[in-house]
Amino acid sequence: MHILPTISTMFIVISAIFVGFGWYHIVKGNRETHQKLMVLGAIFALAFFIIYMSRTLFEGNTAFGGPESLKLPYHLFLFFHIALATVGGVLGLVTLWLAYKNKFLKHKKIGRVAAIIWLLTAPTGVLVYVLLYLMYPGGTTKPVIDAIFGL
């Protein structure tokens with residue numbers, strides 16, 4: 001079993017759940033609950049990132065082990081997921097900063113976009129996990145650039 005990828009994938013799902021419920025609570029006017037849930041979402045996203053980067057640095061990333069015919073579609077999907085995750089992470093940090101600085105009009109505007117992107121990032125991350133570790137296990141572990149570009 002691949003314990004670190006499993007844990008990090010669970011963390012990103014938990015993060016998205018907190019973000020979704022946090023969004024629900026702000027729509028309902030529950031500002032304090034919203035704040036707590038969003039901070040928890042950020043903590044779980046950070047935990048994901050720490051595990052992911054540690055594994056990437058010390059072990060490398062797992063290359064796609066599925067059939068050659070799915071290699072290109074998988075890598076295109078992976079690029080899409082990485083772009084979503086990067087934009088979502090950056091917007092999430094900006095949104096947290098704006099809330100901390102009490103700039104709630106900007107926070108609200110950017111936060112909606114950040115939340116939507118994050119709620120799309122989590123399922124795409126789960127799909128990457130399923131493809132790499134459940135459907136097509138056996139890909140080799142490589143440095144991150146090799147795994148991303150299919151080298």
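Everything numeric here is computed off the predicted structure, so don't read it as measured data. Hydrogens, waters and symmetry mates play no part in the numbers below; they use all other heavy atoms, side chains included.
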Any side-chain heavy-atom pair of Val128 and Tyr74 under 4.5 Å
yes
Just jot down the side chain to side chain contact (heavy atoms under 4.5 Å, CB included) partners of Lys108, sequence neighbours excluded, or say none.
Arg112
What's the spacing between Leu119 CG and Leu84 CG if we round to 0.5 Å?
11.0 Å
Take Tyr24 and Leu37, measure what side-chain contact (heavy atoms from CB on, under 4.5 Å) needs, and give me the verdict at the end.
CA-CA 10 Å; Tyr24 169 82; Leu37 290 170; over 6 Å; no
Verify same cluster id: Val90, Trp97 (apolar side-chain graph, 4.5 Å):
no
So do the side chains of Thr6 and Tyr129 get within less than 4.5 Å of each other, counting heavy atoms only?
yes
All ring-ring contact (aromatic ring centres under 6.0 Å, His included) counterparts of Phe18, not counting sequence neighbours:
Phe44
Might you point out which heavy atoms bring Ala85 and Trp118 nearest each other, and give the distance in Å?
O-CZ3, 3.8 Å
Min side-chain heavy-atom separation Thr62-Arg55 under 4.5 Å
yes
Any link between Leu98 and Ile116 through a network of hydrophobic side chains (Ile, Leu, Val, Met, Phe, Trp, Tyr) touching at under 4.5 Å?
yes
Tell me, with the steps shown, if Leu4 and Glu59 meet side-chain contact (heavy atoms from CB on, under 4.5 Å).
CA-CA 11 Å; Leu4 290 179; Glu59 288 183 30; 4.3 Å; yes
Could you report the tightest heavy-atom contact between Ser15 and Gly41, atom names first, then the distance?
OG-O, 2.8 Å
Please say whether more than 12 non-hydrogen atoms of neighbouring residues, nucleotides or ligands are located less than 6.0 Å from OH in Tyr133.
yes
Should we say atom CG of Leu134 is surrounded by more than 12 heavy atoms from elsewhere, each under 6.0 Å from it?
yes
Answer yes if Val130 and Leu70 sit in the same cluster of Ile, Leu, Val, Met, Phe, Trp and Tyr residues linked by side chain heavy atoms under 4.5 Å apart, and no otherwise.
yes
Does any pair with a residue in residues 32-52 pass salt bridge (charged side-chain N to carboxylate O under 4.0 Å, His left out), and if so which ones, sequence neighbours excluded?
Glu32-Lys36
Rounded distance (nearest 0.5 Å) linking atom CD1 of Ile26 with atom CE of Met38
8.0 Å
Is the number of heavy atoms from other residues, nucleotides or ligands within 6.0 Å of CZ (Phe80) greater than 12?
no
Shortest non-hydrogen separation from His34 to His107 and the atoms involved:
NE2-NE2, 4.0 Å
Atom CG of Leu132 and atom CG of Leu127: how far apart are they, to the nearest 0.5 Å?
9.5 Å
Compare all side-chain heavy atoms of Ser8 with those of Ile12 and state whether any distance is below 4.5 angstrom.
no
Flag if over 12 foreign heavy atoms under 6.0 Å of CZ, Phe21
no
Atom OG1 in Thr124, atom CD1 in Ile82: separation rounded to 0.5 Å?
10.0 Å
Parallel, tilted or perpendicular, as decided by the 30° and 60° cut-offs, for the rings of Phe64 and His75:
perpendicular
Looking only at heavy atoms, what is the nearest atom pair of Thr9 and Pro5, with distance?
OG1-O, 2.7 Å
Looking at NZ of Lys71 and CG of Leu78, how far apart are the two atoms once the value is rounded to the nearest 0.5 Å?
12.5 Å
Between the CD1 atom in Ile3 and the CD1 atom in Ile7, the distance rounded to the nearest 0.5 Å is 4.0 Å
Find out whether Tyr52 and Asn61 are in side-chain contact, i.e. whether some heavy atom of one side chain is under 4.5 Å from a heavy atom of the other.
yes
If hydrophobic clusters are built by linking Ile, Leu, Val, Met, Phe, Trp and Tyr wherever their side-chain heavy atoms come under 4.5 Å apart, do Val27 and Ile117 end up in the same one?
yes
According to a 4.5 Å side-chain heavy-atom criterion applied to Ile, Leu, Val, Met, Phe, Trp and Tyr, with indirect links allowed, do Val87 and Leu93 form part of one hydrophobic cluster?
no
